A.B. asks: 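Before anything else, here's the structure in question.
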Amino acid sequence: MASVMEVYEALMDHFGPQEWWPAESTFEMLVGAILTQNVSWRNVEVALENLKNHGVLDPERMQGMEQRELEILIRPTGFYRQKAERLKALSQAVLEQGGVVSFLKQEDLRNKLLGIKGIGPETADSMILYGAGEPTFVVDAYTTRITARVFGVEADYHTIKAFFEEDLPRDPVIYGEYHALLVVLGKRHCKKSKPVCEGCPICHLCPC
DNA sequence: GGCCAGGTGTAAA
DNA sequence: TTTACACATGGC
């Protein structure tokens, strides 16, 4: 069976650095993390553009606007009523801490994030890794699927998270690149319905 | 028309 | 503790 490091190196050699998270500001990163829940990133980009065009990609402006208007702007991401409520909860929490920087410097940040309605383990870990720059491994649907297929590990969120963290240097850059590379692999090759082995950079390491 | 997309909260077994 | 379901738009 392939090792976690071998797969990482093969993905990096093939796809190169992804330099995630794609965002022009830290607040945009946090908002994107909520908007991308169970929706393709393409749809998120449209919503983020809508928010920018209306000048509300900012905690104060977002908190000050009508939730109903927010719903309209983020509609392309689906689940828009829930997500509008979640963005309101996020912007409120950010403002209560005096801004994005202080928000992400809170003690016990992970549990603080999980205490906000609408932020689960993946969203919290994304915010900590790509927003705060702290090393915590992010497990998404691609990671779960690829881990089962490539490493033969079928487990829950925190078991998979620990599986990667045990074999990697505690480095936010490596964690960030690895997660991004798994997403790219998942989109192009390790698909839900069936693997696309043609051109897959880790086919030689995979029991598929 | 069916499947999938960078999940989470809630309720019931 | 596990499983089922609601939440909703858009691309292929």
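As the structure is a prediction and not an experimental result, all values here were calculated from the model. Just so it is clear: chains get the letters A, B, ... in the order the sequence lines come, proteins before strands, and each one is counted from 1.
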A.B. asks: Look only at the side chain of Glu177(A) and the backbone of Tyr175(A), and say whether a donor-acceptor pair between them is shorter than 3.5 Å.
C.D. replies: no
A.B. asks: What is the distance, rounded to the nearest whole Å, between atom CG of Leu114(A) and atom P of dG7(B)?
C.D. replies: 16 Å
A.B. asks: If only side-chain N and O atoms of Ser40(A) are considered, is one of them under 4.0 Å from the OP1 or OP2 phosphate oxygen of dT9(C)?
C.D. replies: no
A.B. asks: Using the closest heavy atom to pick a nucleotide of DNA chain B for each, name whichever of Asn43(A) or Arg86(A) lands nearer the 5' end.
C.D. replies: Asn43(A)
A.B. asks: Taking dT10(B) as the reference, what is the distance to dA8(C) when you measure between their P atoms (whole Å, please)?
C.D. replies: 14 Å
A.B. asks: Val150(A) and side chain to side chain contact (heavy atoms under 4.5 Å, CB included): which partner among Val4(A), Val7(A), Leu182(A)?
C.D. replies: Val7(A)
A.B. asks: For Tyr130(A) and Gly176(A), indicate whether the former's side chain and the latter's backbone hold a donor-acceptor pair under 3.5 Å.
C.D. replies: yes
A.B. asks: Between dC3(B) and dC5(C), how many Å separate the two P atoms, rounded to a whole number?
C.D. replies: 15 Å
A.B. asks: Is it true that a side-chain atom of Thr36(A) and a backbone atom of Gly32(A) form a donor plus acceptor pair closer than 3.5 Å?
C.D. replies: no
A.B. asks: Separation of Arg188(A) atom CZ from dA5(B) atom P, in whole Å?
C.D. replies: 15 Å
A.B. asks: Which whole-number value in Å describes the distance from Met127(A) CE to dT8(B) P?
C.D. replies: 10 Å
A.B. asks: Taking the nucleotide of DNA chain C with the closest heavy atom to each, which residue, Arg42(A) or Val39(A), is nearer the 5' end?
C.D. replies: Val39(A)
A.B. asks: Which residues, if any, of residues 72-84 of chain A bring a heavy atom under 4.0 Å of DNA chain C?
C.D. replies: Arg75(A), Pro76(A), Gly78(A), Phe79(A), Tyr80(A), Arg81(A), Gln82(A)
A.B. asks: Could you tell me how far apart Asp156(A) (CG) and dT3(C) (C1') are, to the nearest whole angstrom?
C.D. replies: 14 Å
A.B. asks: Produce the list of close N/O pairs, under 3.5 Å, pairing protein atoms with atoms of nucleotides 10-13 of chain B; give distances to one decimal.
C.D. replies:
residue	atom	partner	partner atom	Å
dT10(B)	OP1	Lys117(A)	NZ	3.4

A.B. asks: Whether the side chain of Arg149(A) engages the backbone of Cys208(A) through a donor-acceptor N/O pair (distance < 3.5 Å, no angle test) should be reported.
C.D. replies: no
A.B. asks: Donor-acceptor pair, distance only, cut-off 3.5 Å: does the side chain of Glu165(A) make one with the backbone of Phe137(A)?
C.D. replies: yes
A.B. asks: Run through Gln63(A), Glu60(A), Arg86(A) and flag the one making a side-chain hydrogen bond (donor to acceptor under 3.5 Å, both in side chains) with Ser91(A).
C.D. replies: Gln63(A)
A.B. asks: Going by atom types only, do Lys161(A) and Thr136(A) share a side-chain donor-acceptor pair under 3.5 Å?
C.D. replies: yes
A.B. asks: Between Glu6(A) and Ala2(A), is there a donor-acceptor pair closer than 3.5 Å when you use the side chain of the first and the backbone of the second?
C.D. replies: no
A.B. asks: Applying a 4.0 Å non-hydrogen cut-off, can you work out what Ile119(A) is touching in the nucleic acid: base, sugar-phosphate, or nothing?
C.D. replies: sugar-phosphate
